[in-house]
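Notes follow once the structure below has been shown.
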Amino acid sequence: LHRGQVVHAAWLAFGTCYSYLLDRTYELARDQAYLHGSFTQPEFRRQGVQLAGTCHRLEVLRERGYRRVLGLVDPRNRLANRTNPKTGYTPAGVSGFVEVFGVRRYFHRDRDAFSALARRGYWRKM
């Protein structure tokens, strides 16, 4: 907050999370949180607000017993991919799908980052 105005916000999920981009649900372990995204008001960008918000979020989550914060980032999102190394997030794998004639093959490969994920790969008719 700055003078009563929200200048930065982030959305977190616990238990399960959903990717609108992939149209897929991901199960999370008890000590995992999922970052859906964050937003900083344009006039407050490039002032370290996002980094400060991330540090505060991670501190609060750590105090509450969360050991890992996960997120899915579209490879075309240059801004998110540029800021992630500054915030301590590191790439853990790849998740996506291939669709042919209305049938999708979902895939998910990571270094056990999504440790509670029930199905890493499966078929789905659209």
Side-chain angles (χ1 to χ4, degrees):
L1 292 174
H2 176 73
R3 296 184 182 167
Q5 176 189 5
V6 175
V7 298
H8 176 76
W11 295 265
L12 293 165
F14 308 93
T16 62
C17 61
Y18 179 78
S19 168
Y20 289 96
L21 180 65
L22 299 175
D23 188 22
R24 178 177 176 173
T25 300
Y26 294 81
E27 300 86 10
L28 302 171
R30 289 179 162 241
D31 64 347
Q32 294 178 336
Y34 176 82
L35 177 66
H36 283 279
S38 64
F39 177 79
T40 303
Q41 292 287 351
E43 61 269 23
F44 290 92
R45 293 179 185 165
R46 298 179 189 233
Q47 297 179 35
V49 173
Q50 194 269 342
L51 182 57
T54 298
C55 291
H56 177 70
R57 240 182 336 275
L58 293 175
E59 182 180 316
V60 169
L61 288 168
R62 189 178 308 114
E63 288 171 0
R64 294 183 180 180
Y66 292 92
R67 295 180 15 168
R68 182 174 279 167
V69 179
L70 303 164
L72 297 171
V73 179
D74 187 330
R76 297 169 294 187
N77 186 338
R78 291 183 305 182
L79 180 61
N81 283 298
R82 189 181 77 219
T83 57
N84 280 345
K86 294 178 186 175
T87 58
Y89 290 104
T90 57
V94 178
S95 193
F97 63 84
V98 176
E99 183 173 341
V100 179
F101 303 118
V103 178
R104 285 185 182 175
R105 172 65 178 155
Y106 283 90
F107 61 89
H108 182 85
R109 294 183 297 275
D110 64 27
R111 290 174 250 140
D112 204 33
F114 280 86
S115 59
L117 188 59
R119 298 188 304 173
R120 296 188 176 274
Y122 61 95
W123 294 92
R124 180 173 158 203
K125 186 174 181 178
M126 300 311 292

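In what follows, every heavy atom counts, from backbone to side chain, and hydrogens, waters and symmetry copies are set aside. Keep in mind it's a predicted model, so treat the numbers as computed, not measured.
Not a single ring pair (Phe, Tyr, Trp, His ring centres under 6.0 Å) links His56 to another residue, sequence neighbours left out. Remark: Asp23 pairs with Tyr18, Arg124 by the side-chain hydrogen bond (donor to acceptor under 3.5 Å, both in side chains) rule, at least two apart or across chains.
Aromatic pair His108/Phe114: ring centres closer than 6.0 Å. Taking the six-membered ring for Trp and the full ring otherwise, the centers of His2 and Phe44 sit less than 6.0 Å from each other.
Nearest heavy-atom pair, Leu22 versus Ser19, reported as atom, atom and distance to 0.1 Å: N-OG, 3.1 Å. Closest of all the heavy-atom pairs between Arg76 and Leu21 is NH2-CD1, 4.4 Å. Ala29 and Ala116 make their closest contact through N-CB, 3.5 Å (heavy atoms, listed as atom of the first residue, atom of the second, distance). The two atoms that bring Thr16 and Ala13 nearest to each other are O-CB, 3.6 Å, heavy atoms only.
Asp110 CG to Leu70 CG: the interatomic distance, rounded to the nearest 0.5 Å, is 8.0 Å.
Note on Tyr26: it does not cluster hydrophobically with Leu35, by side-chain heavy-atom contacts below 4.5 Å among ILVMFWY residues. Hydrophobic clustering (side-chain heavy atoms under 4.5 Å, transitive across Ile, Leu, Val, Met, Phe, Trp, Tyr) groups Leu72 together with Phe97. Under a hydrophobic-cluster definition in which Ile, Leu, Val, Met, Phe, Trp and Tyr are linked whenever side-chain heavy atoms come within less than 4.5 Å, directly or via other members, Leu117 and Leu28 are assigned to the same cluster. No single ILVMFWY cluster, assembled from side-chain heavy atoms under 4.5 Å apart, contains both Tyr122 and Val94.
At distances below 3.5 Å, not a single donor-acceptor pair connects side-chain atoms of Gln50 with backbone N or O atoms of Arg46. Proximity of a side-chain donor or acceptor of Gln32 to a complementary backbone N or O of Glu27 within less than 3.5 Å is not detected. In this structure, Arg104 contributes its side chain and Met126 its backbone to no donor-acceptor pair below 3.5 Å.
In this structure, a donor-acceptor pair under 3.5 Å is absent between the side chains of Ser95 and Tyr106.
Relative orientation of the Tyr66 and Phe14 rings is tilted, given thresholds of 30° and 60° on the angle between their planes.
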So Val7 and Val49, side chain to side chain contact (heavy atoms under 4.5 Å, CB included) or not? Walk me through it.
CA-CA 8 Å; Val7 298; Val49 173; 4.2 Å; yes

Side chain to side chain contact (heavy atoms under 4.5 Å, CB included), that's the test. Do Glu59 and Arg64 meet it? Break it down for me.
CA-CA 9 Å; Glu59 182 180 316; Arg64 294 183 180 180; over 6 Å; no

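Here the side chains of Arg57 and His8 are in contact, with some heavy-atom distance below 4.5 Å.
Both the sub-6.0 Å distance and the 45° axial angle are not jointly satisfied by Arg105 relative to the ring of Phe107.
When Arg67, Arg62, Arg68 are each tested for a salt bridge (Lys or Arg N to Asp or Glu O under 4.0 Å) with Asp31, only one passes: Arg67.
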